[in-house]
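Single-structure report; data block below.
Here is how names work: the chains are called A, B, and so on, in the same order as the sequence lines, proteins then strands, and each is numbered from 1.
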Protein chains: 4
Amino acid sequence: MSGRGARRREPRQERSRAMVERIVAAGRDVLVTRGYDGASTNRIAAAAGVSPGSLYQYFPDKDAVLTEVLDRYLDAMEARVSRAFLDSVAAAGPGAGTAPAVRATLEALLDTFGEEPDLLRVIVEQLPRSPGGRRAAFAGRIDDLVTTVLLTRGAGDTDAARAAAWTVVRTVEHLTTGFVLERPGFARAVVVDELTALVAGYLDARLSGGRVASDGPS
Amino acid sequence: MSGRGARRREPRQERSRAMVERIVAAGRDVLVTRGYDGASTNRIAAAAGVSPGSLYQYFPDKDAVLTEVLDRYLDAMEARVSRAFLDSVAAAGPGAGTAPAVRATLEALLDTFGEEPDLLRVIVEQLPRSPGGRRAAFAGRIDDLVTTVLLTRGAGDTDAARAAAWTVVRTVEHLTTGFVLERPGFARAVVVDELTALVAGYLDARLSGGRVASDGPS
Amino acid sequence: MSGRGARRREPRQERSRAMVERIVAAGRDVLVTRGYDGASTNRIAAAAGVSPGSLYQYFPDKDAVLTEVLDRYLDAMEARVSRAFLDSVAAAGPGAGTAPAVRATLEALLDTFGEEPDLLRVIVEQLPRSPGGRRAAFAGRIDDLVTTVLLTRGAGDTDAARAAAWTVVRTVEHLTTGFVLERPGFARAVVVDELTALVAGYLDARLSGGRVASDGPS
Amino acid sequence: MSGRGARRREPRQERSRAMVERIVAAGRDVLVTRGYDGASTNRIAAAAGVSPGSLYQYFPDKDAVLTEVLDRYLDAMEARVSRAFLDSVAAAGPGAGTAPAVRATLEALLDTFGEEPDLLRVIVEQLPRSPGGRRAAFAGRIDDLVTTVLLTRGAGDTDAARAAAWTVVRTVEHLTTGFVLERPGFARAVVVDELTALVAGYLDARLSGGRVASDGPS
DNA sequence: AATGAATGAGCGTTCATTCAT
DNA sequence: GATGAATGAACGCTCATTCAT
């Protein structure tokens, strides 16, 4: 995961595609069962029923395999999160506060993260993050999505919306995954309530009257 | 970084203490310059101007060196964060909202995290986190601190205070480090404003009237 | 040499088999030239003209290489010793005393041990013996062989035959190897005579009249 | 144990002598409890309550310590074995066969070897023997002793006596230690009987009529 | 004499990667 | 393409030995 941006070659044949699939699936399994340190190329190739040499036919190096595993997880996440967010926004309608949409989004997120906690854990706890890497890109796209919605909901200028989006996206991402992985001593309903209060309160203030900070900005 | 709690021996002599210092400093440097994977014992020893054998007179294994580097960083953090938080609370006084205290704490946090961004980066991005490890313990102690203050400020029952503390601590931790490491396209003052709005709004609602969620709890 | 029974993988190809041969041969050479302590994996690999990694494709650990060297020596020994013993017994015929058979066996043994005295020396002098290890097993099988022959020759009960076999096997093994390794100041013919007298006298007494000890047993 | 003949310096002072004692005692203990591979200089020094540097004040290298441990064991053995042998010879008187003396010697030997089986085991199974080393010298001195007695009992020429002594000494040594360490499935009394028959039969033939080998010498 | 901190060559082993088949 | 044997640099760590104090 040394952020060199190594990508796999595009397979041209059906056979090749199947091989890539097996390798990625094996990479995922080995990653989950043996951890990042145990995810050696030889082990992944063996788990895929493929020779080490073949692995290198499709992936330039070890990181590329794990990057692909991560990419797929992140792509699936992004699709579900985007959809859940947009559905929630649509369902809540324009009139009310943001709380219903936030709450619905949170529920969807917790459902999603809870589905593969083992993979989530190894990604969050063991996979090195590269500064300009996939996770940053992922978050950046969610930022854009939320920014757009905020702007349509009457947030002030673009910069303010971006800042607000950056803030809530990271907050929600970190606390939902944190809840799933830490399993702190309170119920899921509690986190949902708290996070809804936290985020909806913030967004409502941001959207209605613009600047709020009663103690004056710095 | 296997949280088995391996600790270095207590040095008995000034000479020994100096050696430990050199090794820890070298560990820090190598960690920053070569990353977690590049932080081999031989490299750390060489950077410290010391033989590999000497390293093992003071540290039982490789993890112990990096754990010590992390511990020192975390201990310093905890001291500064705790102090900044308590000072901010005291300075703001009981009457006003929480915004001034939150803002002051955030400023202190950003100052602190901004001092060694390279080390912060490698810690956040590359060091494996173990579930019961030092970083969890660190966060747990900050949770306790904030919980206590919330209770003295009129939060409801202990459980509610704990949930609120868990929420704001993770939010503030993640967003302040995120700002320092991501360098998103807006100014520090903006994050401070946004985070102050986010957190103070949440806490004020939590402290004044108890449950707030206007859309009804789940 | 930790008798955990680690065995090498079965080579699948001719190429592989050749590699195993080279490694085992190199292990033998290094063992003989540098001694047990000098028989490091890297040295063996280098002597075999092979990388350390290759060694570990065929042997699970260091001990497995040396165990294989020892096994081959012992297997060859056992085959030759068994054959020589049985041939000698057959050639001597049932009527006469045991002396001719004993003498022929001794000659064969001294021939055999004298062929690779360097390897014999390092095995006897430097290789750790584990109580339940290969050497014990080797001796045990020879014990069985001799026991069987003694029983067919009219030894008393099984227990007596086992004790007699145990006695003569160890005696012969130790004195023949001792002669080869110590090179005491007398000729090979002398040892053969003395050992023949020692063993044949004992066996003849045991086989003819049963208990002999004229001073009375304890 | 590389047979380079390294010896410790002679201590000149009482203090020094005490230190040597502690080191040797610690060497013995560590050897027995941790085996040959576990008997590192640092461990021995620590067990002796002495610094590694001090150990090297009295012993030129690691082997010298273990050699000293072995020497003391061997010296004690030699004293006891010699005495037992000579006492047995004297007690049996000149008239009878050799059986009573052999039997008494065997009993004494088994008593002696049985006293510290742990140390005996590690010496026999793990300590490298050097060709011209202490154990050879030990056996050589016993050879001389037995040779002398055989000559006084009417053995033929010196060479014949030496060969007979060499033969019986190795036989008795190997089988008595073998019985103690192997614990084969029969009683001590059985080994005593068998060995007595083996050795006494041989010696009686050698002493009475000279050459015996009925099948003709080679 | 005595200490014990310091050394550094060397150990057994792994694994990302290559390349002859 | 696909294989899998082969590579070799590097790893974490040990320990006999030295030497400044």
Side-chain angles (χ1 to χ4, degrees), chain A residues 11-13 15-16 19 37-46 49-65, chain B residues 9 11-16 18-20 37-46 48-65, chain C residues 11-13 15-16 18-20 37-46 48-65, chain D residues 11-13 15-16 19 37-46 49-65:
Chain A
R12 307 256 167 68
Q13 322 242 347
R15 189 127 120 76
S16 304
M19 208 146 193
D37 285 348
S40 72
T41 49
N42 288 348
R43 200 120 64 190
I44 292 172
V50 149
S51 70
S54 290
L55 188 152
Y56 278 87
Q57 197 98 143
Y58 296 102
F59 297 89
D61 58 24
K62 181 194 173 185
D63 279 354
V65 180
Chain B
R9 313 178 196 164
R12 308 255 169 72
Q13 320 246 347
E14 201 49 51
R15 188 91 142 347
S16 303
M19 192 121 217
V20 168
D37 285 348
S40 72
T41 50
N42 286 350
R43 199 119 67 191
I44 292 172
V50 146
S51 68
S54 288
L55 187 152
Y56 282 88
Q57 283 212 326
Y58 297 100
F59 297 89
D61 55 25
K62 182 195 171 181
D63 275 358
V65 182
Chain C
R12 308 253 170 74
Q13 322 243 347
R15 189 95 142 343
S16 304
M19 192 122 216
V20 168
D37 286 348
S40 71
T41 51
N42 286 349
R43 200 120 64 190
I44 292 171
V50 145
S51 68
S54 287
L55 189 153
Y56 281 89
Q57 281 211 329
Y58 297 100
F59 296 90
D61 55 26
K62 182 196 171 181
D63 275 358
V65 181
Chain D
R12 307 255 168 69
Q13 322 240 347
R15 190 127 120 78
S16 304
M19 208 146 195
D37 285 349
S40 70
T41 49
N42 287 347
R43 199 121 63 190
I44 292 172
V50 150
S51 70
S54 290
L55 186 151
Y56 278 85
Q57 197 98 142
Y58 296 101
F59 297 89
D61 57 24
K62 181 196 173 184
D63 278 354
V65 180

Please find the pair of heavy atoms, one from [X] and one from [Y], that lie closest to each other, and give the distance.
| X | Y | value |
| --- | --- | --- |
| B:Y56 | B:T41 | OH-CG2, 3.2 Å |
| B:I44 | B:A39 | CD1-O, 4.0 Å |
| C:M19 | C:S54 | CE-CB, 4.0 Å |
| A:S40 | A:K62 | CA-CE, 4.5 Å |

Distance, rounded to the nearest Å, where [X] contributes [atom1] and [N] contributes [atom2]:
| X | N | atom1 | atom2 | value |
| --- | --- | --- | --- | --- |
| B:I44 | F:dG12 | CD1 | C1' | 11 Å |
| D:D63 | F:dT17 | CG | C1' | 13 Å |
| C:D61 | E:dC11 | CG | P | 16 Å |
| C:D37 | F:dA16 | CG | C1' | 12 Å |
| C:Y56 | F:dA5 | OH | C1' | 18 Å |
| A:L55 | F:dG4 | CG | C1' | 13 Å |
| D:F59 | F:dT18 | CZ | C1' | 18 Å |

For E:dA1, does the base pair up with any side-chain atom of D:Q57 as donor and acceptor (N or O, under 3.5 Å, distance only)? no

Can a donor-acceptor pair under 3.5 Å be found between the side-chain atoms of C:N42 and the base atoms of E:dC11? no

Side-chain N or O of [X] less than 4.0 angstrom from OP1 or OP2 on [N]?
| X | N | result |
| --- | --- | --- |
| B:S54 | E:dT7 | yes |
| D:S51 | E:dG4 | no |
| B:R43 | F:dG12 | no |
| D:T41 | F:dC15 | no |
| D:Y58 | E:dA2 | yes |

Any side-chain heavy-atom pair from C:V20 and C:F59 closer than 4.5 angstrom? yes

Taking for each residue the nucleotide of DNA chain E with the nearest heavy atom, is it A:A39 or C:K62 whose nucleotide lies nearer the 5' end? C:K62

Pairing pattern in dot-bracket form [Watson-Crick, G-U; both distances under 3.5 Å; | = partner strand] for DNA chain F: .||||||||||||||||||||

Given DNA chain F, 5'-ward residue of the pair C:V50 and B:G53, judged by closest heavy atom: C:V50

